[in-house]
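Here's the structure we're looking at; comments come further down.
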Amino acid sequence: EKVLLIFLNVSLLILLKILRGTTGIASLIDVEKCSVAYWFLTFLYIPFGLLFMFFVVKFLVKENKLKLESGYVFHRNDLQYDLHTCLLILGTGLAVGMLSTILGIGGAILAAPILMRFGIETQEASFTASFCAFFSSLASVAQYFIAGSIKWDYAGIYGLASVAGMLLGLKGLFVYLKENNMLYMI
C-alpha cells in the first residue's frame with residue numbers, strides 16, 4: 001500500500017507536468033507558458049501534496065495505534081509514528097527536498113544523517129535514503145524523457161560505464177567484507 005501511494009504521488013506530478021508542458025514539449029492541452037492556466041497547473045500540486053501528506057500521516061498514526069493496542073514490541077530502532085514524529089519527519093523531508101533542490105545535490109546525502117538522528121541504524125538509514133532518492137530520480141527522468149531532453153548516446157555510454165563501475169565496486173566490497181568477517185561496510 002505504501003509504495004503504491006508513492007507511485008500515485010509521482011504519477012500525479014508527472015501528469016501535471018505533461019498537462020502544463022515543459023521547455024522541450026508543448027502542453028498536452030495547449031496551455032500557454034506563463035498564462036493563468038500554466039501557473040494554476042504549476043501550483044495545483046500543492047493542495048494535492050498536502051492532502052497526500054495528510055493521508056500518509058493519518059495512515060501511519062493509525063497503524064502505530066493498532067500496533068500499540070495489539071501489544072507489538074517495538075525494536076530498538078523502530079519508529080513509533082505518533083503525530084509529533086510524523087510532523088517532524090514531514091518537516092525534515094520538506095527541508096531536505098528544498099535544500100537538495102537549491103544546492104543541486106542528491107537528497108540522500110542529507111536524509112541519511114537525519115534518519116540516523118531519529119534513531120535509525122546507519123545501514124537502514126542509508127538504505128531508506130537511497131530508496132527515497134529512487135522515487136525522486138524516477139520523477140526527474142520521466143520529466144526529462146517527456147521533454148525530450150535526454151541525450152541517449154551519452155546516457156547509454158554513461159549508464160553502461162556506471163553499471164560496470166557499480167559491479168566492480170560491489171565485487172571489491174564483497175571481497176573486503178568477506179576477508180574482514182563483516183556484514184556491512186557502514
Side-chain angles (χ1 to χ4, degrees), residues 1-66 79 81-115 117-118 120 125-156 158-159 162:
E1 289 180 13
K2 296 172 189 174
V3 175
L4 177 63
L5 284 174
I6 294 171
F7 273 120
L8 289 173
N9 190 31
V10 170
S11 299
L12 177 64
L13 275 171
I14 293 168
L15 176 65
L16 289 173
K17 192 78 151 181
I18 292 170
L19 291 174
R20 187 193 75 186
T22 63
T23 305
I25 60 170
S27 165
L28 193 63
I29 55 174
D30 293 327
V31 173
E32 279 189 48
K33 200 168 199 157
C34 295
S35 66
V36 173
Y38 176 88
W39 291 111
F40 176 76
L41 288 171
T42 299
F43 291 107
L44 183 61
Y45 179 72
I46 293 173
F48 283 115
L50 291 173
L51 188 64
F52 175 76
M53 286 191 292
F54 171 76
F55 281 117
V56 168
V57 168
K58 186 176 176 182
F59 176 81
L60 290 174
V61 169
K62 181 180 174 185
E63 187 178 64
N64 190 65
K65 184 178 177 186
L66 289 173
L79 286 178
Y81 291 104
D82 56 6
L83 184 60
H84 173 18
T85 303
C86 287
L87 293 176
L88 190 61
I89 290 171
L90 283 173
T92 55
L94 287 170
V96 165
M98 287 189 295
L99 281 173
S100 63
T101 300
I102 291 168
L103 298 174
I105 60 172
I109 200 166
L110 297 173
I114 292 171
L115 290 170
R117 184 75 174 129
F118 282 133
I120 297 175
S126 176
F127 302 153
T128 302
S130 296
F131 182 75
C132 294
F134 168 76
F135 289 101
S136 175
S137 298
L138 180 66
S140 296
V141 167
Q143 290 176 20
Y144 295 137
F145 175 75
I146 291 166
S149 300
I150 298 175
K151 302 287 187 202
W152 290 106
D153 50 348
Y154 293 119
Y158 186 77
S162 296

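Rounding to the nearest 0.5 Å places CD1 of I14 at 10.0 Å from CG of N9. The CZ atom of F59 lies 14.0 Å from the CZ atom of F54; values are rounded to the nearest 0.5 Å. Rounding to the nearest 0.5 Å gives a distance of 11.0 Å between CG of L115 and CG of L110. Here the straight-line distance linking atom CG of L16 with atom CG of L41 works out to 6.5 Å at 0.5 Å rounding. Taken from CG in L94 to CG in L99, the straight-line distance is 11.0 Å, to the nearest 0.5 Å.
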Trace of the side-chain contact (heavy atoms from CB on, under 4.5 Å) decision for L8 with L4: CA-CA 6 Å; L8 289 173; L4 177 63; 4.2 Å; yes

Could you walk me through whether Y45 and L15 satisfy the side-chain contact (heavy atoms from CB on, under 4.5 Å) test, starting with their C-alpha distance in whole Å, then the side-chain angles of each, then the deciding distance to 0.1 Å, before giving a yes or no? CA-CA 10 Å; Y45 179 72; L15 176 65; over 6 Å; no

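Residues I114 and V96 approach most closely at CD1-CG2, 3.4 Å, considering heavy atoms. Closest of all the heavy-atom pairs between A155 and I150 is CB-CG2, 4.0 Å. Nearest approach of V61 to L83, heavy atoms of both residues: CG2-N, 3.9 Å. When all heavy atoms are compared, the tightest approach of A125 to A112 is CB-O, 3.7 Å. When all heavy atoms are compared, the tightest approach of F48 to L12 is CB-CD2, 3.5 Å.
Applying the 6.0 Å contact sphere to CZ of F40 captures no more than 12 heavy atoms from other residues, nucleotides or ligands. The 12-atom threshold is exceeded at CD of E63, counting heavy atoms of other residues, nucleotides or ligands nearer than 6.0 Å. Counting non-hydrogen atoms of neighbouring residues, nucleotides and ligands closer than 6.0 angstrom, the CD1 atom of I109 reaches no more than 12 such neighbours.
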Atom pairs and distances, donor-acceptor, side-chain atoms in residues 86-93, under 3.5 Å, two or more places apart:
| residue | atom | partner | partner atom | Å |
| --- | --- | --- | --- | --- |
| T92 | OG1 | L88 | O | 3.1 |
| T92 | OG1 | I89 | O | 3.0 |

